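Because only heavy atoms are used, hydrogens play no part in the values below, and waters and symmetry mates are left out as well, while side chains stay in. In listed order, ligands and their atoms are each counted from 1. Being a predicted model, the structure only gives us computed values, none of them experimental.
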Amino acid sequence: MKIAVLPGDGIGTEIVAEAVKVLQVLDLKFEMETAAVGGAAYEAHGHPLPEATLKLAKEADAVLFGAVGDWKYDKLERALRPEQAILGLRKNLGLFANFRPAICYEQLVGASSLKPELIAGLDILIIRELTGDIYFGQPRGRRSAPDGHFPGAEEAFDTMRYTRPEVERIAHVAFQAARKRSKRVTSVDKANVLETFQLWKDVVTEVGQQYPDVKLDHMYVDNAAMQLVKAPKAFDVVVTGNMFGDILSDEAAMLTGSIGMLPSASLNASNQGLYEPSHGSAPDIAGKGVANPLATILSAAMMLRFSLNQPQAADRIESAVKDVLAAGLRTADIHSEGTTKVGTRQMGDAVVAAITKKTITKS
Ligand SMILES: NC(=O)C1=CN([C@@H]2O[C@H](COP(=O)(O)OP(=O)(O)OC[C@H]3O[C@@H](n4cnc5c(N)ncnc54)[C@H](O)[C@@H]3O)[C@@H](O)[C@H]2O)C=CC1
Ligand SMILES: CC(C)CC(=O)C(=O)O
Ligand SMILES: [Mg+2]
């Protein structure tokens, strides 16, 4: 078994180092190989997703990814910008199904900006389609506006597109996931305005007929954004397109206390996966040793469960994270009065220590 480790930029290197430490202490039989990606790869090799990195990712059983991006690359031509690396990996590996579980750990109820009673016990799953929609749709570009309010003015355009099979496959993923949970799916769309999302809604409804045991609701994305902070526990599985899922999952992150708590798994049809925190490279805190590594560590647990067939090892990581939170350790983003503020490395060390302690107690 081989894991491709792609730390990337900003806090990516700091948080991935902690996840790697956690994986190493489990003493499982897999190999890890690191490669440059994003801005780091652009600096070293002139491209954010070098051939060698893509090859490693394709050949690996799973990819552990940090984050890419930095403001300093914002003026580069788009094809060379760090974000193209993660988009390229998703596209090239066919990682169409993105799982973003938003779980509010008991100890972090007070860390959220929402009232405790709204989020205590929260456990929802956002399933985001990851290789279609406006992020990948062609054509896109800049031109002189051919018509509209300001003909001849400089204009930029992107294209929102979905095909029936793309919607069908993500809908199946959502219904199957719901069967393992509380058998409820909310499909989020904008069918009242967009053709793309009328097709989305029609197809999800049709696929839903194959899952009569799962209750399907539809919700417009603007209402969903509101309901997520009004009554988040009313949701269970949320399935939506690439852009809406991107936005709603950052919103859902705050239901868990911090974006530093939201892991993710991006899977293809063969269950090969890329595992990354849901956040970005956080240039505002990069290099300070304060980033929360738990989303990445929890993503490593998802990797063990989904791609590497090591569910018990995944349980051990998740249980260690709970132990560390119960012991009162908090990075700055989830810190509150009465808890102990720690840095990125101390948090990773604490998770390692909690795993080691468990191993010793067990044997
Ligand atoms: N998958 C990826 O590689 C992604 C990359 N990005 C890129 O990241 C860069 C920064 O983007 P932003 O919009 O600022 O989003 P961001 O998610 O990097 O940061 C948003 C806010 O959350 C905080 N934050 C994020 N992760 C944290 C953690 N683990 N611990 C504590 N605080 C954390 C940051 O300090 C910042 O205040 C951009 O270049 C963007 O394109 C953004 C999202 C995903
Ligand atoms: C940087 C983008 C390409 C991705 C993003 O924001 C995300 O996947 O959450
Ligand atoms: Mg995002």
Side-chain angles (χ1 to χ4, degrees), residues 6-19 37-42 48-49 53 63-76 78-91 95-100 102 108 111 113 126-136 158 240-254 256-266 274-299 321 330-335 341-348:
L6 312 182
D9 307 319
I11 63 168
T13 52
E14 301 167 48
I15 53 181
V16 165
E18 300 313 311
V37 75
Y42 172 74
L49 183 56
T53 302
V63 180
L64 181 66
F65 187 90
V68 289
D70 192 285
W71 321 131
K72 72 181 174 195
Y73 302 114
D74 285 355
K75 294 246 167 341
L76 278 178
R78 190 160 297 279
L80 296 179
R81 280 162 71 162
E83 290 83 353
Q84 293 305 308
I86 185 63
L87 293 170
L89 283 163
R90 290 170 183 171
K91 199 65 173 177
L95 305 168
F96 72 92
N98 182 223
F99 291 69
R100 295 190 167 189
L108 294 187
S113 46
I126 296 184
I127 296 185
R128 166 185 173 195
E129 199 291 329
L130 204 58
T131 51
D133 204 348
I134 198 162
Y135 289 2
F136 291 96
D158 298 278
T240 191
N242 202 344
M243 180 162 68
F244 298 159
D246 190 3
I247 298 166
L248 292 180
S249 57
D250 263 35
E251 188 186 356
M254 275 321 294
T256 72
S258 165
I259 187 126
M261 293 301 301
L262 204 76
S264 88
S266 307
L274 180 147
Y275 299 83
E276 58 169 330
S278 297
H279 58 72
S281 57
D284 55 333
I285 56 166
K288 297 183 178 161
V290 297
N292 186 345
L294 293 181
T296 316
I297 290 171
L298 291 166
S299 301
V321 167
R330 304 281 189 273
T331 42
D333 56 316
I334 49 175
H335 180 249
K341 199 190 274 189
V342 296
T344 310
R345 197 174 302 159
Q346 284 166 289
M347 187 57 106

* Asked: Stepwise, does the side chain to side chain contact (heavy atoms under 4.5 Å, CB included) test hold for L130 with F96?
  -> CA-CA 5 Å; L130 204 58; F96 72 92; 5.5 Å; no
* Given side chain to side chain contact (heavy atoms under 4.5 Å, CB included), test N292 with M261 step by step and report yes or no. => CA-CA 7 Å; N292 186 345; M261 293 301 301; 3.5 Å; yes
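- Residue contacts with ligand 1, taken as heavy atom pairs separated by less than 4.0 Å, involve D284 solely via side-chain atoms from C-beta onward.
- Residue A85 comes nearest to V37 through the heavy atom pair CB-CG2, 3.6 Å, listed as atom of the first residue, atom of the second, then distance.
- Considering all non-hydrogen atoms of both residues, T331 and M347 come closest at N-CE, 3.8 Å.
- In this structure, of S281, G280, S266, the residue bringing a heavy atom nearest to atom 9 (C) of ligand 1 is S281.
- Proximity of D70 to ligand 1 is established by a heavy-atom distance of less than 4.0 Å.
- Residue R128 places a heavy atom under 4.0 Å from ligand 2.
- Using a 4.0 Å cut-off between heavy atoms, E83 contacts ligand 1 through its side chain alone, with no backbone atom that close.
- Across all their heavy atoms, P277 and S299 have their closest contact at N-OG, 3.6 Å.
- The shortest separation from a heavy atom of R90 to ligand 2 is under 4.0 Å, placing the residue in contact.
- What sits closest to atom 32 (N) of ligand 1 on the protein, heavy atoms only, is I285 CD1, 3.6 Å.
- The shortest contact between atom 30 (N) of ligand 1 and any protein heavy atom is with N292 N, 2.9 Å.
- Heavy-atom proximity to A67, at under 4.0 Å, picks out these atoms of ligand 1: 3 (O).
- Looking only at protein heavy atoms, the nearest one to atom 18 (O) of ligand 1 is A282 N, 2.8 Å.
- Annotation: A291 places no N or O atom under 3.5 Å from an N or O atom of ligand 1; distance criterion only.
- Expressed to the nearest 0.5 Å, how far CG of N98 lies from CD1 of I126 amounts to 9.5 Å.
- In this structure, atom 7 (C) of ligand 1 is in close contact with the protein, since a protein heavy atom lies within 4.0 Å of it.
- Of all the atoms in ligand 2, the ones that sit under 4.0 Å from a non-hydrogen atom of L87 are 3 (C).
- Counting heavy atoms under 4.0 Å from ligand 1, residue S258 does not touch it at all.
- At a heavy-atom cutoff of 4.0 Å, ligand 1 is contacted by no atom of Y73, backbone or side chain.
- Considering backbone and side-chain atoms together, H279 places an N or O closer than 3.5 Å to an N or O of ligand 1.
- Within the 4.0 Å heavy-atom criterion, the part of D333 lying near ligand 1 is the side chain and not the backbone.
- Protein heavy atom in closest approach to atom 25 (C) of ligand 1: I259 CG2, 3.5 Å.
- Closest approach between the Mg ion (ligand 3) and any N/O/S atom of D246 involves OD1.
- Looking at A253, P283, G69, it is P283 that brings a heavy atom closest to atom 10 (C) of ligand 1.
- Between E276 and ligand 2, no pair of N/O atoms sits closer than 3.5 Å.
- Counting the atoms of ligand 1 from 1 in the order shown, those under 4.0 Å from a heavy atom of F65 are 3 (O).
- Here the protein heavy atom with the shortest distance to atom 3 (O) of ligand 1 is V68 N, 2.9 Å.
- The distance criterion of under 3.5 Å between nitrogen or oxygen atoms is met by R100 with respect to ligand 2.
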* To do: Kindly determine whether E276 and L274 satisfy side chain to side chain contact (heavy atoms under 4.5 Å, CB included), including the steps that lead there.
  => CA-CA 7 Å; E276 58 169 330; L274 180 147; 3.8 Å; yes
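- The ligand atoms of ligand 1 that sit less than 4.0 angstrom from a heavy atom of G260 are 28 (C), 29 (N).
- Contact annotation for atom 22 (O) of ligand 1: protein present (non-hydrogen atoms, distance under 4.0 Å).
- When each of D9, T13, I15 is paired with I11, the side chain to side chain contact (heavy atoms under 4.5 Å, CB included) condition holds for I15 and for no other.
- Between G39 and P82, the shortest heavy-atom contact is N-CB, 3.4 Å.
- Among protein heavy atoms, the minimum distance from atom 27 (C) of ligand 1 is reached at I11 CD1, 3.9 Å.
- When the shell of 6.0 Å around OH of Y42 is examined, it contains 12 or fewer heavy atoms from other residues, nucleotides or ligands.
- The Mg ion (ligand 3) does not have D250 among its coordinating residues (no N/O/S atom, backbone or side chain, under 2.8 Å).
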* Taking it one step at a time, do E251 and S249 satisfy side-chain hydrogen bond (donor to acceptor under 3.5 Å, both in side chains)? -> CA-CA 5 Å; E251 188 186 356; S249 57; over 6 Å; no
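- At a heavy-atom cutoff of 4.0 Å, ligand 2 is contacted by the backbone of S278 but not by its side chain.
- Ranking protein heavy atoms by distance to atom 12 (P) of ligand 1, first place goes to W71 CH2, 4.1 Å.
- Here the closest non-hydrogen pair linking M243 and D133 is N-OD2, 3.0 Å.
- Protein non-hydrogen atoms do not reach within 4.0 Å of atom 2 (C) of ligand 2.
- Here the heavy atom of the protein found nearest to atom 1 (N) of ligand 1 is E276 OE1, 3.0 Å.
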